[in-house]
Amino acid sequence: SFVDGDTIAGLDIGRKGDPTVIAIKRGNRIEHIEQKYDLLTLDAMKSWLYGVIAKYPQLKRIYIDETGLGQYIPPELSKTFPKIESIGLNFGSKSTKDGYHLIRSEIFFDLKNSIQHGLHISPFLDKDLLREVRRELCSIEYKISDKSEMYVLSKDKTKEILGRSPDCADALAL
């Protein structure tokens, strides 16, 4: 059942034709997933985010994949939305927890654990988008290395399976 809690968001910045995706979670429920293509300027992105974030005045934190273009976003969001903590994560960085290969592996294993322990999906989310999210999540392969570190296969491997980047899954994991 639904357990209320902090409202947080994950933001995956689109590049090379991929969408920018935001996923918003309140407590143990995914409340909102939205993707937007062709956000070619920082101002366009901030304007879109302002419209999304305005619907969630209780939003406390936003986690941003700061790999590539995303590196410029956390300080800009902090200026635009000073009451929301903007936290940049580099998917390719070494994990902060023992037993994980990279940050990307750590957050995907955290998402997997959340799903196993009752993560709920709002019944109001777009059904076609949810179908794509499920497809993305099912394409991610989990492994244990010979050093006993848990990791997910590279994003490139997931792209081979899907035929595109798993942007919604990345936003959810964030």
Side-chain angles (χ1 to χ4, degrees), residues 8-25 28-42 44-45 48-49 52 61-74 77 86-122 125-174:
I8 61 172
L11 178 65
D12 184 64
I13 308 300
R15 24 189 157 343
K16 297 181 185 171
D18 290 335
T20 295
V21 181
I22 189 167
I24 298 175
K25 182 180 89 151
N28 69 339
R29 180 172 52 207
I30 302 299
E31 297 274 321
H32 187 83
I33 301 171
E34 189 171 330
Q35 57 185 357
K36 184 79 170 168
Y37 287 88
D38 300 322
L39 292 173
L40 302 177
T41 67
L42 194 54
M45 183 177 302
W48 172 66
L49 285 172
V52 174
R61 284 182 305 286
I62 185 165
Y63 294 90
I64 303 135
D65 174 14
E66 65 177 8
T67 309
L69 296 174
Q71 66 185 308
Y72 305 105
I73 303 303
L77 288 182
S86 296
I87 302 165
L89 298 173
N90 185 323
F91 277 1
S93 295
K94 180 75 179 138
S95 174
T96 58
K97 294 181 186 174
D98 288 337
Y100 296 93
H101 179 61
L102 299 172
I103 290 281
R104 187 166 191 270
S105 297
E106 177 185 331
I107 66 174
F108 269 98
F109 272 91
D110 286 349
L111 175 60
K112 186 176 191 264
N113 188 45
S114 292
I115 291 169
Q116 290 171 335
H117 289 92
L119 181 68
H120 292 264
I121 305 287
S122 169
L125 293 179
D126 180 86
K127 301 302 181 216
D128 291 333
L129 183 58
L130 276 179
R131 193 174 307 112
E132 285 304 308
V133 169
R134 285 186 186 102
R135 186 169 168 248
E136 288 181 15
L137 290 172
C138 289
S139 70
I140 295 165
E141 296 184 23
Y142 298 83
K143 301 285 183 184
I144 297 178
S145 74
D146 50 358
K147 295 179 186 176
S148 296
E149 287 183 321
M150 295 184 278
Y151 69 97
V152 294
L153 292 183
S154 73
K155 193 169 186 174
D156 288 338
K157 177 69 174 164
T158 304
K159 284 180 185 179
E160 285 177 27
I161 294 167
L162 275 176
R164 60 178 171 74
S165 180
D167 301 302
C168 290
D170 285 349
L172 280 172
L174 284 160

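Quick note: numbers below take in every heavy atom, side chains included, and nothing from hydrogens, waters or symmetry partners.
- Residues Tyr63 and Ile107 form no side-chain contact, since every pair of their non-hydrogen atoms from C-beta on lies 4.5 Å or further apart.
- In this structure, the separation between CG on Leu77 and CG on Leu42 is 8.0 Å, given to the nearest 0.5 Å.
- Rounding to the nearest 0.5 Å places CD of Glu106 at 11.5 Å from CD of Glu149.
- Taking the side chain as every heavy atom from C-beta outward, Ile13 and Met45 approach each other to under 4.5 Å.
- Between His101 atom NE2 and Met150 atom CE the span is 13.0 Å, to the nearest 0.5 Å.
- For Lys94, the NZ atom sits in a packed shell: over 12 heavy atoms of surrounding residues, nucleotides or ligands are nearer than 6.0 Å.
- Of the inter-residue distances, the one linking Ile115 atom CD1 with Leu172 atom CG reads 7.5 Å to the nearest 0.5 angstrom.
- Within the 4.5 Å cutoff, the side chain of Cys168 has no heavy atoms near those of the Glu132 side chain.
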Problem set entry | side chain to side chain contact (heavy atoms under 4.5 Å, CB included) between Val52 and Ile24, worked out | CA-CA 10 Å; Val52 174; Ile24 298 175; 3.8 Å; yes
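- Scanning all heavy atoms of the two residues, the minimum distance from Thr158 to Pro166 falls at CG2-CG, 3.8 Å.
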Exercise. Going through the distances and angles, do Asp18 and Asp12 end up as a side chain to side chain contact (heavy atoms under 4.5 Å, CB included)?
Worked result: CA-CA 10 Å; Asp18 290 335; Asp12 184 64; over 6 Å; no
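- For Ile144, the CD1 atom is loosely surrounded, since the number of other residues' heavy atoms within 6.0 Å does not exceed 12.
- With sequence neighbours excluded, the residues that form a side chain to side chain contact (heavy atoms under 4.5 Å, CB included) with Leu125 are Ile30, Ile33, Ile121, Ser122, Leu130.
- Summarising the geometry of Pro19 relative to Gln35, their closest heavy-atom pair is CG-OE1, 3.5 Å, with the distance given to 0.1 Å.
- For Lys112, there are no salt bridge (Lys or Arg N to Asp or Glu O under 4.0 Å) partners at least two apart in sequence or on another chain.
- The shortest distance between side-chain heavy atoms of Thr20 and Asp167 does not fall below 4.5 Å.
- Between Lys155 and Asp170, the closest side-chain pair of non-hydrogen atoms falls below 4.5 Å.
- The pair Asp110-Lys97 meets the salt-bridge criterion, with a side-chain N (NZ, NE, NH1 or NH2) lying under 4.0 Å from an Asp/Glu carboxylate O.
- At a threshold of 4.5 Å between non-hydrogen side-chain atoms, the residues Arg135 and Leu162 count as touching.
- Shown here for Ser95 and Tyr100, the closest heavy-atom pair between the two residues is OG-CB, 3.4 Å.
- Remark: the backbone N or O of Ala169 is paired with a side-chain donor or acceptor of Glu136 at under 3.5 angstrom.
- Between Val152 and Ser105, the shortest heavy-atom contact is N-OG, 3.0 Å.
- Ser86 approaches Pro74 most closely through the heavy-atom pair CB-O, 3.6 Å.
- Heavy atoms from other residues, nucleotides or ligands lying under 6.0 Å from CG of Asp98 number 12 at most.
- To the nearest 0.5 Å, the span separating NE2 on His32 from CG on Asp126 amounts to 10.5 Å.
- Closest heavy-atom contact between Arg104 and Ser154: NH1-C, 4.1 Å.
- Taking 4.5 Å as the limit, every side-chain heavy atom of Leu174 sits out of range of all side-chain heavy atoms of Ile64.
- The CZ atom of Phe108 lies 12.5 Å from the OG atom of Ser114; values are rounded to the nearest 0.5 Å.
- With a 4.5 Å cut-off on side-chain heavy atoms, Asn28 and His117 do not count as touching.
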